[in-house]
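Quick one: this structure, given as structure tokens, is what I'll be asking you about.
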Amino acid sequence: MKKTPASLLLLAISLASSTMKAEDNLSSFSAPHWGIRASIDVSNPGDIKVGDFKVSLFDTRLGVSFGGYYCVPLSNGFYLEPGVFLFYDTYGLANVQLGNEQLIEADGYVDKFGISIPLHCGFHFDIWENASLFLKTGPQLSIGLVSQEHIKDVDKIEGYEDYDNNLYGKDGGLKRFNLLWDVAAGLDFGNFNVSLEYDFGLLNLLKDTGGMASFKESYFRIGVGYSF
């Protein structure tokens, strides 16, 4: 059948319209894309363990994280998602007594600022148009840049007049590097996503203990993200 210029033009318009509609219905998992995410972090510092003996020295406190990720769709709903985030996390002191002859219960907190690098593998499934549920898991490398212990009126405690509060310093007791295993679930709708995540601390963060004592950190995160 002979096609006239008018019929070719109508065919081109129809194809373009179909392509635009298909693109409008794409979810954020249909093509590689960048995204940003912010989260509220709830610290869960574990007990300090010495053999079978446990002591709780820290309380749960809040922190924040912010960074970016890159989502790479694989096949059949699976995807890979590396990211880089800045974090500021805290936890309080509990049952900590300081002093030489007279012990005083310390009132204070620990804060940390650093970089986390997660590498997640996930799976998503559509629940309605432009909306999906997703599950993901994977390792996370955490690098502490600054960590300080803030104790109220520490200069008035005997023996702590020249106290160095840098926990990563020569006299500090914590390691900078941590490895965690993350498990997360969330909802993706349009360009936005919300997620709940728990990060299990895997490494002993205490240094210079000869392996006799151990301490691990875990976190619960509530995140909100946007995909470009």
Side-chain angles (χ1 to χ4, degrees), residues 27-29 33-47 56-73 77-94 108-148 150 174 176-203 205 215-228:
S27 72
S28 63
F29 290 98
H33 61 273
W34 294 94
I36 56 175
R37 182 178 296 117
S39 67
I40 298 295
D41 305 340
V42 182
S43 63
N44 184 18
D47 297 331
S56 178
L57 297 181
F58 305 107
D59 288 332
T60 293
R61 285 203 177 186
L62 297 180
V64 293
S65 298
F66 179 80
Y69 59 89
Y70 187 65
C71 182
V72 183
F78 288 94
Y79 66 95
L80 193 66
E81 187 183 281
V84 178
F85 294 82
L86 294 175
F87 67 82
Y88 175 78
D89 291 323
T90 66
Y91 43 85
L93 299 180
Y109 64 95
V110 172
D111 62 4
K112 290 186 171 187
F113 174 76
I115 299 173
S116 63
I117 306 173
L119 178 58
H120 293 158
C121 181
F123 176 78
H124 81 95
F125 46 94
D126 296 333
I127 53 176
W128 62 76
E129 186 177 0
N130 292 330
S132 301
L133 288 175
F134 62 85
L135 303 171
K136 61 180 181 178
T137 188
Q140 175 191 154
L141 175 64
S142 176
I143 305 171
L145 301 178
V146 179
S147 182
Q148 295 183 326
H150 303 272
L174 291 185
R176 294 180 180 271
F177 296 94
N178 193 12
L179 182 65
L180 305 99
W181 191 269
D182 308 340
V183 178
L187 174 66
D188 178 271
F189 48 97
N191 294 93
F192 293 91
N193 61 79
V194 293
S195 61
L196 300 176
E197 178 178 320
Y198 196 85
D199 307 337
F200 296 88
L202 302 179
L203 300 183
L205 297 183
F215 168 67
K216 298 179 180 180
E217 293 176 350
S218 299
Y219 294 91
F220 173 69
R221 310 184 195 273
I222 303 173
V224 178
Y226 183 86
S227 300
F228 296 99

*Nearest 0.5 Å please: distance from the CZ atom of Phe200 over to the CD atom of Gln140.*
12.5 Å
*Parallel, tilted or perpendicular: which fits the ring planes of Phe58 and Tyr91, with parallel below 30° and perpendicular above 60°?*
perpendicular
*asked:* Minimum heavy-atom separation for Asp59 and Pro45, please, with both atom names.
replied: O-CG, 3.9 Å
_Working for side chain to side chain donor-acceptor pair (under 3.5 Å), residues Asp199 and Ser218_ = CA-CA 5 Å; Asp199 307 337; Ser218 299; over 6 Å; no
*Judged by atom type as modelled, is there a donor-acceptor pair below 3.5 Å linking the side chain of Ser195 to the main-chain atoms of Ala185?*
no
*Heavy-atom pair of closest approach, residues Ser147 and Lys112*: OG-CG, 3.4 Å
*Okay, side chain of Thr90, backbone of Leu62: is any donor-acceptor separation there less than 3.5 Å?*
yes
*Can you check whether His150 and Tyr109 have ring centres sitting under 6.0 Å from each other?*
yes
*Can you tell me how far CZ of Phe189 sits from CH2 of Trp128, rounded to the nearest 0.5 angstrom?*
9.0 Å
*Please report the closest heavy-atom contact between Trp181 and Thr137, naming both atoms and the distance.*
NE1-OG1, 2.7 Å
*Short question: side chain of Arg61, backbone of Asp89 - any donor-acceptor pair under 3.5 Å?*
no
*Validation row: Leu80, Leu119 side chains within 4.5 angstrom (heavy atoms)*: yes
*Kindly compute the distance separating OG (Ser116) from CG (Leu86), expressed to the nearest 0.5 Å.*
8.0 Å
*Ignoring hydrogens and geometry, is there a side-chain-to-backbone donor-acceptor pair from Ser65 to Tyr88 under 3.5 Å?*
no
*asked:* Does the plane of the ring in Phe228 sit parallel, tilted or perpendicular to the ring in Tyr226? Use 30° and 60° as the thresholds.
replied: perpendicular
*State, to 0.1 Å, how close Leu202 and Asn178 come at their nearest heavy-atom pair, and which atoms those are.*
N-OD1, 4.3 Å
_Donor-acceptor contact present, side-chain Arg176 to main-chain Gly144, <3.5 Å_ = yes
*What distance do Phe125 atom CZ and Ser132 atom OG have between them, rounded to the nearest 0.5 Å?*
8.5 Å
*What is the minimum heavy-atom distance between Lys216 and Leu203, and which atoms define it?*
CG-O, 3.3 Å
*Salt bridge check: are Arg37 and Glu197 linked by an N-O gap of less than 4.0 Å?*
no
*Parallel, tilted or perpendicular for Phe220 and Tyr198, by the 30°/60° rule?*
tilted
*asked:* Can you classify the ring geometry of Tyr79 versus His124 as parallel (below 30°), tilted (30 to 60°) or perpendicular (above 60°)?
replied: tilted
*asked:* Could you measure the distance from the CG atom of Leu179 to the CD1 atom of Ile117? Nearest 0.5 Å is fine.
replied: 11.5 Å
_Determine whether Arg221 and Asp182 satisfy the following criterion, side-chain contact (heavy atoms from CB on, under 4.5 Å), listing intermediate values before the conclusion._
CA-CA 10 Å; Arg221 310 184 195 273; Asp182 308 340; over 6 Å; no
_Test side-chain contact (heavy atoms from CB on, under 4.5 Å) applied to Ser39 and Phe87, step by step_ = CA-CA 9 Å; Ser39 67; Phe87 67 82; over 6 Å; no
*Which heavy atom in Phe134 sits nearest to a heavy atom in Leu187, and how many Å separate them?*
CE2-N, 3.5 Å
*To the nearest 0.5 angstrom, please state how far the CZ atom of Phe123 sits from the CG atom of Leu133.*
10.5 Å
